[in-house]
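For reference, the structure is listed below as structure tokens.
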Amino acid sequence: MLVENLAHFSADTRFEADLVIIGGGPAGLTVARELRGAPLRVLIVESGLLEEAPQANELSTLESIGEPNAPHQIQKRIAFHGANCRSWTQDQQPYGVRCRALGGSTHAWAGKSAAFDDIDFQERAWVPHSGWPMDRSSLDPFLDRAADILNLGPNRYDDTLWTLLGISPPEPQLGTQGLRSFFWQFSRSRVDPLDIMRFGADFLRLEADNIRVLLNATATRLDLTQEGDGFRGLEIATNDGQRHTVHAKAAVIAGGGIENARLLLASTTIHANGVGNQYDLVGRFLMDHAGARIARFGGSNANQIMRRFGFYGLRNSGRTSMYMHGLAITPELQEREHLLNSAIYFMPEHAADDPWDAVKRLLTGKSKRQVKDAMRAIAGAGLLGKGAAMKLLSSDRLPVAVKDFIVQTAIRYMPNVAADDFLSRGVPHKVTDVWIDAISEQQPDPNSRITLSEKTDRLGLPLARVNWKINADERRTIMRLGHIVESAFAQARLPKPILEPWVAEGAFNDAVIIDMAHSMGTTRMSASARSGVVDEQCQVHGVRGLYIAGSSIFPTSGHANPTLMIVAFAVRLADRIRQTLL
């Protein structure tokens, strides 16, 4: 595999390929991975470098005219997204999270993975614009291949997982209360046993003589045939504005839910309103996952809840996979009450007297109460010892094989302990409360959309203008989910959650709902060009050789984190391209 920086080439260099992939995130790199070794010249153009850099990240600046816009939403976004992405700023990205570097969004994600449900693919009378032009079952073989790419275990996300685990479901069960078990997996790195999957590092380990990667290469314009019915090439630019061209038989646009639409809209050489936009659908139906905190458990109930709704390790094919237990609304209740597909998961909160925080204050000279902080550290000696062991495990003093064995064993026999260390980067914390966080799909809304701003970036491209809408159906679903959980736990004689005031009082307009950085839907899949942008094979309607990969093709969003579905569709697309170009 050849990896180069576009800045090292003389101006106006013309690159030739059979397939050009625009974007080096999970979608683009998966297409390339599946085509390695094929008699095809594959060129990946990635706007960033191997790691995130300020100059590249500046190109992700956008203009937001929708939500989230309230002060409490902004504050929560900064706390939530800022903790996961060191390069992200609220000023540059008031909606969404984009990482310009090889590996894309996996520089910031938590590795959380799950498959969409059957109901997500169905046309639902109570969800306008729902329905996919394909069945969920037709994606099953690609989901299995995607799980392997993501280093996941079996694709089991419902109560059937208990059988694989070889244990009985926790009692009392909640199935009669309109809730069902839902599980998420965590994609783990093959490079570092203590880290989650980073697609760039994982991809660079592959041997692929037919793949070439150009870094510092931002796609600025798509070029079509004179008739406008086929792909011909594209223009790319370095961060300092030097232009080059790429000529290829076919292209895959894999820049994410925002950039895919932006590039189509900005490519106006042949079609004045952009590529694939004859019916003004590019950029419309922008969806995310609406996320909100709805309740909590305190005191002694916290540990009981985390034991039941914590993590489970599954040994399969020589490795151990990690599953997190949550709850989702059943399809029957969704239909009966006209609710959106949604789920809850449980998040522990660190104690005010957490020993690690006390140690940090003492070491940095920021402790205002040194004696009290010292006492906290001494009282938490067990946690500190555990933390020291984790630091040893993460050092270079242990071989990778030894680290992997230890981690696999810990996940298998102590999944909750291992998960806590894994998700906290090896810094264990004292836990008091447990929060219930809800995540809901969004109703597809044509007025929730991306257009082009009058402002431009340093390359002269119009910024994306984002008008993300949180509608009443999302607010009502999340609020109702809180009451369903409260009732179900009471009937099952489980600890009763303390509802957030807006949930308890029915004031859904007071909900602090933010985006979960899962931009979807802006180039939706459809049977006809009059209802979407790409066909069932992910090709732009009416444009030969131009394909789109990623969550922008999703007609509905489900509640599951989208990366597994993104990778599955990318695997499927790679098979299609192989059949078409060879």
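- Side-chain N or O atoms of Ser267 include one that pairs as donor or acceptor with a backbone N or O of Leu222 at under 3.5 Å.
- Side-chain atoms of Tyr157 and Phe116, non-hydrogen and from C-beta on, never get closer than 4.5 Å to each other.
- Judged by distance alone, with hydrogens and angles left aside, the side-chain atoms of Gln185 form no donor-acceptor pair with the main-chain N or O of Ser113 at under 3.5 Å.
- When atom types are taken as modelled, the side chain of Thr477 and the backbone of Leu340 share a donor-acceptor pair closer than 3.5 angstrom.
- Scanning all heavy atoms of the two residues, the minimum distance from Pro497 to Val485 falls at CG-CG1, 4.3 Å.
- The minimum heavy-atom distance linking Gly178 with Leu333 is given by the pair O-CD2, 3.7 Å.
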Apply side-chain contact (heavy atoms from CB on, under 4.5 Å) to the pair Thr523 and Phe554, showing each step before the final yes or no. CA-CA 8 Å; Thr523 63; Phe554 295 176; over 6 Å; no
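- The closest donor-acceptor contact from the side chain of Ser448 to the backbone of Leu286 lies under 3.5 Å.
- Every pair tested for ring-ring contact (aromatic ring centres under 6.0 Å, His included) that includes a residue from residues 523-547 fails, sequence neighbours excluded, so the list is empty.
- Residue pairs meeting the salt bridge (Lys or Arg N to Asp or Glu O under 4.0 Å) criterion with at least one partner in residues 554-576, sequence neighbours excluded, are Arg145-Asp575, Glu536-Arg572.
- Between Leu35 and the options Leu19, Val252, Asp18, a side chain to side chain contact (heavy atoms under 4.5 Å, CB included) holds for only Leu19.
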Mind running side-chain contact (heavy atoms from CB on, under 4.5 Å) on Arg221 and Leu263 for me, showing each step along the way? CA-CA 7 Å; Arg221 187 190 68 239; Leu263 181 59; 5.7 Å; no
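- Within the 3.5 Å criterion, the main-chain N or O of Trp435 finds no donor-acceptor partner in the side chain of Arg296.
- Residue pairs meeting the side chain to side chain donor-acceptor pair (under 3.5 Å) criterion with at least one partner in residues 253-265, sequence neighbours excluded, are Arg98-Glu259, Arg100-Glu259, Glu259-Arg262, Asn260-Ser552, Arg262-Asp457.
- Residue pairs meeting the salt bridge (Lys or Arg N to Asp or Glu O under 4.0 Å) criterion with at least one member in residues 332-345, sequence neighbours excluded, are Glu337-Arg480.
- Between Lys469 and Asp445 there is no salt bridge, since no side-chain N of the basic residue sits under 4.0 Å from a carboxylate O of the acidic one.
- Going from atom CE of Met134 over to atom CG of Asp535 covers 11.5 Å, rounded to the nearest 0.5 Å.
- No side-chain N or O of Asn467 forms a donor-acceptor pair with one of Asn447 less than 3.5 Å apart.
- By the 4.5 Å heavy-atom criterion applied to side chains, Ser342 and Leu481 are counted as neighbours.
- Considering only residues two or more places apart in sequence or on other chains, Arg544 meets the salt bridge (Lys or Arg N to Asp or Glu O under 4.0 Å) condition with Asp229.
- Between the Asp144 side chain and the Asp148 main chain, no donor and acceptor come within less than 3.5 Å of each other.
- Evaluation of the side-chain contact (heavy atoms from CB on, under 4.5 Å) rule for Ser168 yields no partner, not counting sequence neighbours.
- Partners of His559 under the ring pair (Phe, Tyr, Trp, His ring centres under 6.0 Å) rule, at least two apart in sequence or in another chain, are Phe182.
- The backbone N or O of Leu463 sits nowhere less than 3.5 Å from a side-chain atom of Ser453 that would complete a donor-acceptor pair.
- Between Met347 and Asp437, the shortest heavy-atom contact is CG-OD2, 3.6 Å.
- Here the side chain of Ser440 pairs no donor or acceptor atom with the backbone of Glu474 at under 3.5 angstrom.
- Glu454 CD: 12 or fewer foreign heavy atoms inside a 6.0 Å radius.
- Inter-residue side-chain proximity for Phe231 and Val20 is flagged as met; some heavy-atom pair is nearer than 4.5 Å.
- Taking CE of Met520 as the start and OG of Ser557 as the end, the distance is 4.5 Å to the nearest 0.5 Å.
- Residues satisfying the side chain to side chain donor-acceptor pair (under 3.5 Å) test with Asp280, not counting sequence neighbours, are Arg284, Arg449.
- Note that CG of Leu62 is 5.5 Å distant from CD1 of Ile258, once rounded to the nearest 0.5 Å.
- Listed for the Arg232 side chain is a donor-acceptor partner under 3.5 Å among the backbone atoms of Leu224.
- Atom OG in Ser187 sits 11.5 Å away from atom CG in Asn561 (nearest 0.5 Å).
- Centroid-to-centroid, the aromatic rings of Phe311 and Phe186 come within less than 6.0 Å.
- Ion pair Asp202/Arg33 flagged as a salt bridge, since at least one NZ, NE, NH1 or NH2 atom sits closer than 4.0 Å to an Asp/Glu carboxylate oxygen.
- Side-chain contact check for Ile74 versus Asn69: every heavy-atom pair is 4.5 Å or farther apart.
- Distance check, rounded to the nearest 0.5 Å: CZ of Arg124 to CG of Asn341 gives 6.5 Å.
- Here Leu234 contributes atom CG and Asp223 contributes atom CG; the two are 7.0 Å apart, rounded to the nearest 0.5 Å.
- Partners of Trp162 by ring pair (Phe, Tyr, Trp, His ring centres under 6.0 Å), not counting sequence neighbours, listed by chain and number: Phe183, Tyr312, His325.
- Among residues two or more places apart in sequence or in another chain, the ring pair (Phe, Tyr, Trp, His ring centres under 6.0 Å) test is passed with Phe121 by Trp132.
- None of Asp159, Asp158, Asp117 except one satisfies the salt bridge (charged side-chain N to carboxylate O under 4.0 Å, His left out) rule with Arg180; the exception is Asp117.
- Sequence neighbours left out, the pairs with a member in residues 262-291 that pass ring-ring contact (aromatic ring centres under 6.0 Å, His included) are His129-Phe285, His289-His518.
- Salt bridge annotation for Lys496-Glu486: present, with a cationic side-chain nitrogen under 4.0 angstrom from a carboxylate oxygen.
- The shortest side-chain heavy-atom distance between Pro555 and Ser130 does not fall under the 4.5 Å cut-off.
- Partners of Tyr95 according to the ring pair (Phe, Tyr, Trp, His ring centres under 6.0 Å) rule, which considers only residues two or more places apart in sequence or in another chain, are Trp468.
- Nearest heavy atom pair, residue Asn155 against residue Leu143, reads ND2-O, 2.9 Å.
- Considering Val466, Asp288, Val97, Ile450 in turn, Asp288 is the only one that fulfils the side chain to side chain contact (heavy atoms under 4.5 Å, CB included) rule with Ser519.
- Here the side chain of Trp88 pairs a donor or acceptor atom with the backbone of Gly96 at under 3.5 angstrom.
- Gln491 and Ser487 share a side-chain donor-acceptor pair at under 3.5 Å.
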